[in-house]
Amino acid sequence: MARRITYMQAINEALDQEMARDESVIIMGEDVVGGSGSDGEMDAWGGVLGVTKGLYGKYGDRIMDTPISEAGFVGAAVGAATAGMRPVCELMFIDFVGVCFDQIYNQAAKFRYMFGGKAETPVVIRTMIGAGFRAAAQHSQCLYPMFTAVPGLKVVVPSSPYDVKGLLIQAIRDNDPVIFCEHKVLYTMEGDVPEESYTIPFGEANVVREGDDITIIALGRMVHQALAAATTLAKDGISCEVIDPRTTSPFDEDTILESIENTGRAVIVDEATPRCNMATDISALIGRKAFGDLKAPIEMVTAPHTPVPFNGTLEDLYIPSPAAIEAAVRQTVEYA
Amino acid sequence: MARRITYMQAINEALDQEMARDESVIIMGEDVVGGSGSDGEMDAWGGVLGVTKGLYGKYGDRIMDTPISEAGFVGAAVGAATAGMRPVCELMFIDFVGVCFDQIYNQAAKFRYMFGGKAETPVVIRTMIGAGFRAAAQHSQCLYPMFTAVPGLKVVVPSSPYDVKGLLIQAIRDNDPVIFCEHKVLYTMEGDVPEESYTIPFGEANVVREGDDITIIALGRMVHQALAAATTLAKDGISCEVIDPRTTSPFDEDTILESIENTGRAVIVDEATPRCNMATDISALIGRKAFGDLKAPIEMVTAPHTPVPFNGTLEDLYIPSPAAIEAAVRQTVEYA
Amino acid sequence: MAEVLSVEDLLDAYRTMKTIREFEDRVHVEFAKGGIPGFVHLYAGEEASATGVGLQLRNDDQLASNHRGHGHCIAKGVEVKGMMAEIYGKKTGTCHGKGGSMHIADLDAGMMGANGIVGGGPPLACGAALAAKMKGTGGLAVVFCGDGASNQGTTFEAMNLATVWKLPVVFVFENNGYAEATDARFSVSCKDIADRAIGFGMPGQIVDGHDFFAVHDAFETAAARARAGDGPSLLEHKLDRFFGHFEGDNQNYRPKDEVKRLREDICCIKRFAAEVTNSHGVSAEQLNEIDEEIAVLIDDAVAFAENSPEPGPEDLMTDVYINY
Amino acid sequence: MAEVLSVEDLLDAYRTMKTIREFEDRVHVEFAKGGIPGFVHLYAGEEASATGVGLQLRNDDQLASNHRGHGHCIAKGVEVKGMMAEIYGKKTGTCHGKGGSMHIADLDAGMMGANGIVGGGPPLACGAALAAKMKGTGGLAVVFCGDGASNQGTTFEAMNLATVWKLPVVFVFENNGYAEATDARFSVSCKDIADRAIGFGMPGQIVDGHDFFAVHDAFETAAARARAGDGPSLLEHKLDRFFGHFEGDNQNYRPKDEVKRLREDICCIKRFAAEVTNSHGVSAEQLNEIDEEIAVLIDDAVAFAENSPEPGPEDLMTDVYINY
Ligand SMILES: Cc1ncc(C[n+]2csc(CCOP(=O)(O)OP(=O)(O)O)c2C)c(N)n1
Ligand SMILES: Cc1ncc(C[n+]2csc(CCOP(=O)(O)OP(=O)(O)O)c2C)c(N)n1
Ligand SMILES: [Mg+2]
Ligand SMILES: [Mg+2]
């Protein structure tokens, strides 16, 4: 039975259902409970924006507050995963990964290969991405390309309440380390979400809107910017296919290449900064594998090569907008 | 007066000349002196492979051993840079950046922007990259794409003794944070290097070999793999232009685009793993800006999407080889 | 022995503490009205800490701060108008609106920056201290960290490095009992943060952070040690914050009325005012005069911020590099 | 009170220590001959440390190691043949030749992995300890760190976390006086690493790491504390390495003859052999027999490694993920 719930509620529900189903699922992170050690309420926060709120009441010590020691507790999640648990570890903002990245890319991601195939590290790292909160340069980044680059990691960038639930359940059941990137601006987005548990497989892109003139590939929040642009463009008779890869690693090449075969044109929208990002990654892929199909250069709509500015006017300019996508699409469609 | 010296000696000479020239240049890192606190010889190591050997004798306390606390001392280098010094900080292997990345991308790289243009952070981080030493998964990576992605950082990947000296002097004089990636396999490479001090500007690619049929873009050690391939291919009448971008950020688009205008074909060689790397970054750029010139898909020759294996046979397969480059070039040239 | 503070010094101290308090109380109000965007962490309640330290800093001494940085900035001499404009995101702000509350910096004033990364500051302060040491200026660096930041690896590394390199740096831990909603009694594994000093070969001291004089004296000793080239020190200021972790925090992890009780019973400014008027030759009128000045100052700052222009599109791509 | 060790236990201990020594001495020789690639860090001289701990570990206890991991592996029960083959990079190696000396792991034996990252192990050990705690197995985790690793932020964070979460984990610092070429007296800011225990709310003890019995007793106490659910401990084993930091190190930072003197005067194996034959009812013949067994074992291991096949192209791209 589907009801309308928010992206945030869908995450909470996925965690809840998996914790109920599997005792080895545990949660850890800063204030994922909140109130530990204090004389006030326990379960005070449920994470900085309240995503895990209520789980402590149900699962007690299986959800654990941590000190502000990301390398310590992310590493502990990794170590617990190799020892038979399925930890879901919250890295509050993806921006903080700089203090704990080693435990992710040198440890979790490499164990299986370095150890000759013998290790299993079923850890999920949930983390917030994205600009739009006036949270400035150190709380607004989209660093998923950095994780996508790392062999051994799987990377998920869910764009809707429905997807976030199914993908998170899949992530928890997956036996490889997964970086799960939640866009903070989407937390309040509502959508139809089945009550029962379900999974969405990794590496299967979602054709969010069908169209014939051009393929727009967009991730996370950018899916909605792309859809907005597509709606406007439709009025001018430009028919956009919008594809959400959902996971950047593994990556569904086929769905995209099929679409390009039909449209011959592509725009890629990525909230990450422009160098070595998903836009370049996907563009290079298309350029190589669909060269003969391409009728126009692939445009990339991304954040600029700058830190995220605090000021709202600047931040709004920083984020790829429907208008910028529209312009890129028009340019691509008009290319002859 | 140029003499033949090694890549390693060229680095040492650059450091020496800049320390002599400018009192504010200081060096710090693990065992960059070696022997600190011990009863044996001081200046025992000069860095793990001896690159800074001898500087302690000349500059004393301006070159400093550190505890194994990369976040601490890289951060100290960054802080000292904002306070008027020009630190050259050695991060022994680029693989270790996971324990100190925050101080680089969230601090050094962002200060100028976050602080409204008021900060200057002239810090150089020298670090070793690359496979080929049988040093396995945590001592062999090519993580420069990760730094290239960060607005505010400049990234240098020198491929020869001549370049490494001129680029390092430039890096030290540059007023922005610079990540300086030395390929460990190149340390023993000899080449002509002027004794006197000189700089090579950032953002100016080097056309290492001229050619008409195809453009090969390669970085660091890969320049030599590409040249080897080009030599073989020349025997079959395939004329390759080989371009070394030298710096990945800033990036010299013009030299590459001009070359493509002439050749219409490109192969990019990158020792980094294939996702979100320099090969995809450059491929996307060419695809966008030289679409009309392209006669064939851009091939990318990279490491596979795996950690670096220890075994020598596997490691040799892991590293993009002249043979693999040759094959990619032939495929591209034959594309019709 | 503690240096005896002149009346002028005491009035300065009062002015600084009161400026911080009024600044923060006003930001709280303006935030609630919707005028201020983003994450804002207020320093009210902790004024004696920044002030007791700041008063002893030279202009060329460097201060590394954290997310709760307004008080540190004011105590280090950063202009209040520019700060307020920055918090509003205006072009006239200290960072031209690009940084915001979490990134106020003023390198000319020796303010190395607030920091959005918990534990970001300690290594940076070591670097500033190293620069002072290398240049032989007799300058020092001070870094303010919370109880939460005391558990970050960067903080520990910085303390070790500071002793190894004998750096003129002072680590001030402002233990306000909470890191976000987590109690320090949970997250800090030892009894007092000061217990960690021995593991890093430096003196450590617990200080009543509500007591300006205690803060002043302890820092005097630490600063003298630093300037003399004898190395770092650790000070643990026990104190309390009067607002939530950030604006919008409902503070349900705190016992009800904790804040009310704190404001009434242990307000560092009330305590200071009582003490200096009782026994240091300062008059209530002098303090009142200062209060009036500050009221104007803060009103002006808000008006300035509100009326200032925003940065525009031309500002988006500048200031990333020095040389492009 | 220390548990009394049976003759069998003592022979086990001897076998383990001697196996480590012979393994390392042989790797040293084979490396010099050119048979072994890469960076190799030998454990010779430190055998009492791994052995005194390892003997008390259950199979389901977990051990996180570092770059100098051979001794820890052997003491945790990893097969010597597979280890040697791994060091040679052969397909029959513990990690199929993909890991090498710095990455030997055997999760079935509770060996979580050597580690190429200094300070990589402590957080991982906390995780293993958390798993044991959650499952209520009474198991524990132990992590071996060097003096150098004692200054890494991850190590500090792990110690704090271990106390906060009351984890069954033991932090063993093998202080061999050097981190690469840097003296611990330079890099460690306190007198003894054990001084850091108080800052993390756990007991800390200095142990003579050349003395098997001292190591054994100290770990017995720490393990009992862990298994009883009372939390972590810190042990500082003072000991020495007999080879350079890695093979190829000319050791010029050490006083001349330091190693020669150590091998003669404070060799933990000589000392152990003397003690157990003197007063624990062990005979010299028993030890000789073990020596002979080990000589064969090591010869066999080298022959096995040399004669084993290398991995081939088909192995390059496998084992990155479990589900592709
Ligand atoms: C590396 C990192 N982890 C987590 C956070 C989120 N965060 C911001 S402030 C804070 C609490 C800090 O507590 P404390 O150091 O005691 O300072 P206080 O807020 O009490 O002044 C946390 C967890 C962060 N900004 N950076
Ligand atoms: C994060 C990191 N920094 C630096 C190194 C390089 N390195 C490898 S071993 C070592 C010294 C370690 O010293 P210690 O912890 O005392 O162990 P020991 O070698 O003495 O057994 C260093 C600096 C590394 N591998 N990882
Ligand atoms: Mg606090
Ligand atoms: Mg050591």
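Here is the naming used below: chain letters follow the sequence lines, and residue numbers restart at 1 for every chain. Fair warning: this is a prediction, and the values are worked out from it, not measured in the lab.
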- [ ] Give a yes or no on whether B/K53 atom NZ has more than 12 heavy-atom contacts from other residues, nucleotides or ligands under 6.0 Å away.
- [x] yes
- [ ] Please say whether more than 12 non-hydrogen atoms of neighbouring residues, nucleotides or ligands are located less than 6.0 Å from CG in B/D61.
- [x] no
Open item on the list: With a 4.5 Å cut-off on side-chain heavy atoms, are B/L314 and D/K98 touching?
Closed with: yes
Task: Pairwise side-chain contact, D/N115 with B/Q138, heavy-atom cut-off 4.5 Å (strictly under) - done: yes
So which residues of [range] are in contact with chain B at a heavy-atom cut-off of under 4.5 Å?
{"range": "residues 250-257 of chain D", "answer": "D/N252, D/Y253, D/R254, D/P255"}
{"range": "residues 36-45 of chain D", "answer": "D/P37, D/G38, D/F39"}
{"range": "residues 171-181 of chain D", "answer": "D/Y178, D/A179, D/E180, D/A181"}

Mind listing the closest non-hydrogen atom pair of [X] and [Y] along with its distance?
{"X": "D/V320", "Y": "B/P307", "answer": "CG2-CD, 4.2 Å"}
{"X": "D/P313", "Y": "B/L317", "answer": "CA-CD1, 3.5 Å"}
{"X": "D/L316", "Y": "B/P304", "answer": "CD2-CG, 4.0 Å"}
{"X": "D/G99", "Y": "B/A136", "answer": "O-CB, 3.5 Å"}
{"X": "D/I117", "Y": "B/D95", "answer": "CD1-O, 4.3 Å"}

TODO: Specify which of D/G119, D/S189, D/G148 makes the most heavy-atom pairs with chain B at under 4.5 Å.
DONE: D/G148
Task: Choice from D/D249, D/T155, D/V188 maximising heavy atom contacts with chain B below 4.5 Å - done: D/D249
Open item on the list: Which residues in residues 35-47 of chain B have any heavy atom closer than 4.5 Å to a heavy atom of chain D?
Closed with: B/G35, B/S36, B/G37, B/S38, B/D39, B/G40, B/E41, B/A44, B/W45
Task: Derivation and outcome, side-chain contact (heavy atoms from CB on, under 4.5 Å), residues B/H305 and D/M317 - done: CA-CA 8 Å; B/H305 189 66; D/M317 312 269 290; 5.8 Å; no
Task: Side chain, backbone, both or neither of D/H245 within contact of chain B (heavy atoms, under 4.5 Å) - done: side chain
TODO: With a 4.5 angstrom heavy-atom cut-off, could you sort out which part of D/F246 is near chain B: side chain, backbone, both or neither?
DONE: side chain
Please round to the nearest 0.5 Å and tell me the distance separating atom [atom1] of [X] and atom [atom2] of [Y].
{"X": "B/D65", "Y": "D/D183", "atom1": "CG", "atom2": "CG", "answer": "11.0 Å"}
{"X": "B/D31", "Y": "D/T182", "atom1": "CG", "atom2": "OG1", "answer": "3.5 Å"}
{"X": "B/F310", "Y": "D/K90", "atom1": "CZ", "atom2": "NZ", "answer": "10.5 Å"}

- [ ] Mark yes or no for whether B/N311, through its side chain, and D/G89, through its backbone, hold a donor-acceptor pair below 3.5 Å.
- [x] yes
Open item on the list: For B/A135, which atoms come within 4.5 Å of any heavy atom of chain D: side chain, backbone, both, or neither?
Closed with: both
Open item on the list: Report which part of B/E315 has an atom under 4.5 Å of a heavy atom belonging to chain D: side chain, backbone, both, or neither.
Closed with: neither
